[in-house]
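Shown next, in structure tokens, is the structure this report addresses.
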Amino acid sequence: IEFDNQLPDNKFNILVKKIAFSCNYRDKHFILKMSKMAQAKPEIQNRFFTVGSEFVGEVVDIGAGVTDFKIGDKVIGNNKYPHSGVEGVLAGIPTNKASQEYQIFHQVKLIKVPPEMPDEVAAAFSIGGQTAYSMIRKLAVTEGSNLLVTAARSNTSLFVINALQKYQVNVYVMTTSKDFDDIFYKMGVKKIIRINPDFDNFVEDRAAKEIVQEIGKFDYIVDPFFDLHLEKLMSILATGGKYITCGLYDQYLEMIDRESDRFQMDASQILTSARINNIQIIGNCIGETEDLEAAIQDYASGALKVEIDSVFSGNQVGEFFERTYNAKD
């Protein structure tokens, strides 16, 4: 690849060679979108489409104005949002093509990772780490409080649960899944609430009702999927409590010509509950550079663990996507 490090346009740019990458559900949206487009346009069916939201790579060249990086550094994406910090450089996730072997990034879109972080962790770290630490910062959790994490097996929730281990809080998780209790308890979870997603209100669920009777309502709720849970959770959030969300579940159904079967939320009911109970509903999109730095520092010191399911390499492309998107466990 050509990269002229003396070119004015490359003054603050960095050429990165990828070592590893990972995909998440935003990539599923892009994959399905491109697949649908290919069906409609036969002329593009023999072309390549590059995917991936996260990566770890090695710096192979730097522009003349780059000062914080050197050739040989290992780097991951800095998803700083809502502002990148540099005019003309977009905020948020640096690339939708993390599996592309070489890419050029502005220096503000990268951050170094320490030698303590192996490639398989680094390649799946930046979005989850930055998002989890941003949400915990915004909640400003207090010692002894009760905190509920929904969709416990989602990537963001796993980061949040592990990140909360250094805080003196009681962490409860909500999940529909079975056979993962030992993993959650090893992560420091106090109790697991296995719920029926068809209930209109989680207090109707026996497991959730028993916990609420035992501890009172939750001081904080972290929810990756507001479209699944928000309205149902309002009744178990304490007066003055905080609810924070970072995403939605139905990101790709329109790509496969399916309509969401999720209920339509009653905004009036939600805001009435929030008003009467002085509840804060907080939105979160990724985080600041400081959040990612804190996550990296905690990982390096051993204060943050990262759950890695499996690693694929070489020609195991099919196996990788099968495991990423189709394996129920």
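In the hydrophobic clustering of this structure, Ile282 groups with Tyr167; members are Ile, Leu, Val, Met, Phe, Trp, Tyr whose side-chain heavy atoms approach within less than 4.5 Å, directly or through other members. Taken together through direct or relayed side-chain contacts under 4.5 Å among Ile, Leu, Val, Met, Phe, Trp and Tyr, Leu230 and Ile279 form part of one hydrophobic cluster. Under a hydrophobic clustering in which Ile, Leu, Val, Met, Phe, Trp and Tyr are joined whenever their side-chain heavy atoms come within less than 4.5 Å, directly or via other members, Phe218 and Leu164 fall into different clusters. By the rule that hydrophobic residues join a cluster once side-chain heavy atoms approach within less than 4.5 Å of another member, Ile111 and Phe69 end up as members of separate clusters.
At least one side-chain heavy atom of Ile14 sits less than 4.5 Å from a side-chain heavy atom of Leu110. In this structure the side chain of Leu304 never reaches within 4.5 angstrom of the side chain of Ile296, judged on heavy atoms. The side-chain heavy atoms of Val141 and Tyr220, taken from C-beta on, include a pair separated by under 4.5 Å. Val86 places a side-chain heavy atom less than 4.5 Å from the side chain of His106. The shortest side-chain heavy-atom distance between Asn284 and Thr245 does not fall under the 4.5 Å cut-off. Looking at Asn79 and Pro94, their side chains come closer than 4.5 Å, going by heavy atoms from C-beta outward. Within the 4.5 Å cutoff, the side chain of Lys138 has heavy atoms near those of the Ile244 side chain. Looking at heavy atoms from C-beta onward, Met187 lies in side-chain contact with Leu158 at the 4.5 angstrom threshold.
Glu307 and Asn155 are not linked by any side-chain donor-acceptor pair at a separation below 3.5 angstrom, with hydrogens and angles left out of the test. One side chain, Thr150 or Asp223, offers a donor N or O that lies under 3.5 Å from an acceptor on the other. Side-chain contact of Gln100 with Lys18: a donor-acceptor pair under 3.5 Å is absent, judged by distance alone. Side-chain contact, Asn13 with Gln107: no donor N or O sits under 3.5 Å from an acceptor N or O.
We find that Glu288 and Lys80 are joined by a salt bridge, their nearest charged nitrogen and carboxylate oxygen being less than 4.0 Å apart. Salt bridge Lys74/Asp119: present, at least one basic N to carboxylate O contact under 4.0 Å. With salt bridges taken as basic N to acidic carboxylate O contacts below 4.0 Å, one links Arg323 and Asp329.
Of the residues listed (Arg194, Lys191, Arg153), the one engaging Asp181 in a salt bridge (charged side-chain N to carboxylate O under 4.0 Å, His left out) is Arg194, and it is the only one. Of the options Phe125, Phe55, Phe320, Phe312, a ring-ring contact (aromatic ring centres under 6.0 Å, His included) to Phe21 is made by Phe320 and by none of the others. Of the candidates Lys305, Gln165, Lys166, Asp298 forms a side chain to side chain donor-acceptor pair (under 3.5 Å) with just one, namely Lys166.
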For this session: Determine, step by step, whether Arg26 and Asn96 satisfy the side chain to side chain contact (heavy atoms under 4.5 Å, CB included) criterion, reporting the C-alpha distance in whole Å, the side-chain angles of both residues, the deciding distance to 0.1 Å, and the verdict.
Result: CA-CA 9 Å; Arg26 66 191 300 276; Asn96 298 323; 2.8 Å; yes
For this session: Give the C-alpha distance, both sets of side-chain angles, the deciding distance and a yes or no for side-chain hydrogen bond (donor to acceptor under 3.5 Å, both in side chains) between Asp61 and Asn5.
Result: CA-CA 7 Å; Asp61 206 348; Asn5 57 24; 3.1 Å; yes
For this session: Show your working on side-chain hydrogen bond (donor to acceptor under 3.5 Å, both in side chains) between Asn278 and Thr239 and close with a plain yes or no.
Result: CA-CA 6 Å; Asn278 287 311; Thr239 299; over 6 Å; no
For this session: Walk me through it: do Asn162 and Val306 pass the test side chain to side chain contact (heavy atoms under 4.5 Å, CB included)?
Result: CA-CA 7 Å; Asn162 276 320; Val306 176; 5.9 Å; no
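Annotation: Lys190, atom NZ; neighbour count of heavy atoms from other residues, nucleotides and ligands within 6.0 Å does not exceed 12. More than 12 heavy-atom neighbours from other residues, nucleotides or ligands sit within 6.0 angstrom of NZ on Lys97. Gln297 CD: 12 or fewer foreign heavy atoms inside a 6.0 Å radius. Atom CZ of Phe184 has more than 12 neighbouring heavy atoms from other residues, nucleotides or ligands inside a 6.0 Å radius. Atom CG of Asn315 sits in a sparse spot, with 12 or fewer heavy atoms from other residues, nucleotides or ligands closer than 6.0 Å. Crowding of Lys11 atom NZ: a count of heavy atoms from other residues, nucleotides or ligands under 6.0 Å not exceeding 12.
Phe225 and His229 have tilted rings, their planes meeting at an angle from 30° to 60° on a 0 to 90° scale.
Here NZ of Lys217 is found 6.5 Å from OG of Ser235. Values are rounded to the nearest 0.5 Å. The distance from atom OG1 of Thr289 to atom NZ of Lys109, rounded to the nearest 0.5 Å, is 8.5 Å.
Side chain of Thr142 to backbone of Ser145: no donor-acceptor contact under 3.5 angstrom is found.
Shown here for Ala238 and Asp219, the closest heavy-atom pair between the two residues is CB-OD1, 4.3 Å. Nearest approach of Ala98 to Ser53, heavy atoms of both residues: CB-N, 3.8 Å. Residues Cys23 and Gly52 come closest through the heavy atom pair SG-CA, 3.9 Å. Nearest approach of Glu116 to Tyr299, heavy atoms of both residues: O-CE2, 3.5 Å. For Ile136 against Ala163, the heavy-atom pair with the smallest separation is CD1-CB, 3.6 Å. When all heavy atoms of Leu237 and Lys242 are compared, the closest pair comes out as CD1-O, 3.8 Å.
Between Tyr25 and Tyr325, the ring center distance clears the sub-6.0 Å criterion.
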